[in-house]
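Worksheet: one structure, shown below.
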Amino acid sequence: MTVDPRPWQPGAPAGGSPFPPRARSFAELVADLWPAAPPPADPADVLETHGTTVIAVKFDGGVLNVGDRRATANMAVMFDRAEKVIVLDDTTLMAVSGSFARAMEIARYLQHAFSYYRRTELQEMSLEGKISEVSRAIANNLPMALQGIGAFLPVVSAYDPRTNEGRIFFYDGMGARFETAEFGVAGSGAERIRGAFDYIIRTRKPFREMALDEALRECLILLDIAADLDAATGGFAKVLPVAKAITRDGVLEIEPERMRRALAGVTSLPDRARMA
Amino acid sequence: MAYTPYDWHLSLQQRTEYIEERLRGGSPVVGTSLAAGILLLTIHQTQRKIFEIYDRLMFAGIGSQSDLETTRIAAIDFAHREGFLRSPHDVTAQRLVGSVLGPALKRAFADPFAAPFVFRGLFAELGETPAEDQFFVLNYDGEFRRLQRVAAIGGSDEAEREMLAALRSSSGDDLGTALRRGLEAWAVGQLLARGSGDEAQPPGPGQIRATIEEALADGTFEAGLLERTTRRSQRFRLLAPAEFEPALAEYRSRG
C-alpha cells in the first residue's frame, strides 16, 4: 500500500498561477492517495471484516435504511457496533455490506467527491452523477475483488428533488446499477429474506404506502428473520440496530427511543420472548 | 542588460502600487462571529463573492476575478485532499493560509516575471464555540494575520482599520444586529478605500447611511453563514432574502 504522507503543497507556478493546475475531478485530485492493488494473495490468508445485512425500503415520505450492527471476520464477530448506514450528503444515504475496510474508505471518498463538486462547481451534483460515481468506485475496486478480498456491495438511497420522491439503487460486483421500485437488500442475510419483502408487498401493502414507523417495524422483523437464518447477522438483544431515513427535509436519524418503540412491536409477536 | 537588486526592489514597489491601486475599488467584506455561527457579508455588483471551502471553512475576497477563483480552487483542493487523507479535523485555516496559500502567493509576488496576483482574502473557520472561531486575512504578498470575533477586508489599510473599529464599538449577538452593524462597517470601508471620506475623521452617520442606500440600490446584498448547530451535514449556506431583508428594510426606503 503506497500512500504519500506529505501534505499537499503547491508545485511550480503553472501558466502564471502560483498554484498547481486545477484537477478535473476529486478522483484526479486524490489519484495518488489510493492504495495500489495488492499482490495476488491467498484470500484465506487475509482476515477481512465484513458487514452483514442492510435493508432499504421506501415509505410514504422518503427512504428508510436499517442495518444490524455486526461485523464479522470468518467465524469471529469483530465488532458489534458497526455503523453500516452512512450519510453521503444531505440527500443521499449508502447502506454497505461486504468488505468493511473498502466500504468505509469508499464512503469517505464519495462524501468528499460530492462535496468537492458542490464547492468547486457551485452547484449540487445531480443524482444521476452521484449514482455513477458509486458505480465507478465499485468498478475500480474490481481488481481487488477478483482476488477475493475487498468486495463490497452498497444500496444507495436518495431523495430526488426533481421528482420529489425517494429512490433506491443497488449494484452488482462490477458496478452495474439497478433501480428498484420498493426495496433493496444486501449482505450475507439478504438472500435469506429477499422473498419476504415480496410477501409483505403482496399480502399487506407496498412499502411506499407505509408510514415511517410502520415501515421501520417491518424492516426490524425482516432483520430479525435474517439474524435467525444467517449466522453472521446480529440480532437486537445486545445493541439497537441502526436506522436512518432520507426525506425532503434531509437525513433523519431514528432516535433510540423511537427504535425501542418499534422494537416493542416486533417482540410482542406470539411465542417470542426476547429482550425486555 | 543585467538585472540588479535595485531593479528587483523597483519592480516590487511598482507591483505593490499596481496591486494596491486595483484592490482599492473592491467591495469590502465583513466577518462576525456569533453564537449561531460565523457570518460574512458584502454587497456585490454582478458576481457572487462568498464561498464554501470545506465543512467549517468559508472564504470571501477582493481582487481580480480570476485570481480569486484560482485561490478558491487551490484552497478547496488542499482542504479536500487533506480531509480525505486524514480527517476533516486536520483541515484548519491556519494550515491552509499559513503553509499552503501564503508561501505560494509570496513566491508569485517576488517573481518579477509573473503577472501580479491581485488578491486579498478573508478565511473564516467555525469552532465549537464563538471563542474558538478564527478569521485569517491573507494578502497578495503572502502575509497573513489572525483575527477573532470580528474581521474585515477592504481596499486599503486605513479602511480595514476603521471597519474593525466600527465593528468592535458595538455589541449584540442576534443576526439582525450583526447584519446592520456589518453593513455600517462595510460602508465605512467603502468610503475610506474610495477616498470619498474625510481623511482626518471617520465618516459620519449620514454619509454611512447614504452609502448603504446607494449601494443596495445598485448592487446585491450577500451574506454567508457557517451554522454552528444544524441537522444537515452541510454547515455553509447563503442567507435567503427573507432572513436578511428585515434588517435591511430601513435602508430600502428610497425604493
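All values reported here derive from a predicted model rather than from experimental measurement. Basis for what follows: all heavy atoms, side chains included, without hydrogens, waters or symmetry-related copies. Labels below follow one simple rule: chain letters A, B, ... track the order of the sequence lines, proteins then strands, and each chain is numbered from 1.
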So, the side chain of B:Arg48 versus the backbone of A:Leu122: is there a donor-acceptor pair under 3.5 Å, distance only? no
Flag if over 12 foreign heavy atoms under 6.0 Å of CE, A:Met78: no
Tell me whether B:Asp77 contacts the main-chain N or O of A:Arg22 through its side chain, where contact means a donor paired with an acceptor under 3.5 Å. no
Do the side chains of B:Phe84 and A:Leu29 get nearer than 4.5 Å, heavy atoms only? no
Working for side-chain contact (heavy atoms from CB on, under 4.5 Å), residues B:His80 and A:Phe26: CA-CA 8 Å; B:His80 285 73; A:Phe26 182 68; 3.7 Å; yes
So do B:Arg231 and A:Glu253 actually touch side chain to side chain, heavy atoms under 4.5 Å? no
Could you state the interatomic distance from CZ (B:Arg232) to CG (A:Asp89), rounded to the nearest 0.5 Å? 11.0 Å
Heavy-atom contact with chain A under 4.5 Å, split by part of B:Phe113: neither
Main chain of A:Arg119, side chain of B:Arg72: is a donor-acceptor contact present, judged purely on distance under 3.5 Å? yes
Is the side chain of B:Arg81 donor-acceptor paired with the backbone N or O of A:Val30 at a distance under 3.5 Å, no angle test? no
Identify which part of B:Thr71 has an atom lying under 4.5 Å from any heavy atom of chain A, answering side chain, backbone, both or neither. both
A:Pro18 and B:Ala104: which non-hydrogen atoms are nearest, and at how many Å? CB-O, 3.5 Å
Spatial distance of atom CD (B:Gln234) from atom OG (A:Ser115) [nearest 0.5 Å]: 9.0 Å
Please assess B:Ser233 against A:Asp90 for the test side-chain hydrogen bond (donor to acceptor under 3.5 Å, both in side chains), listing each intermediate value before the final yes or no. CA-CA 6 Å; B:Ser233 61; A:Asp90 287 321; 3.0 Å; yes
For chain A, the option from B:Ile53, B:Ile73, B:Leu105 that forms the most heavy-atom pairs under 4.5 Å: B:Ile73
Steps toward side-chain contact (heavy atoms from CB on, under 4.5 Å) verdict (B:Phe117, A:Phe19): CA-CA 11 Å; B:Phe117 205 76; A:Phe19 305 113; 4.0 Å; yes
Against chain A, label B:Asp55 side chain, backbone, both or neither, depending on which of its atoms sit under 4.5 Å from a heavy atom there. both
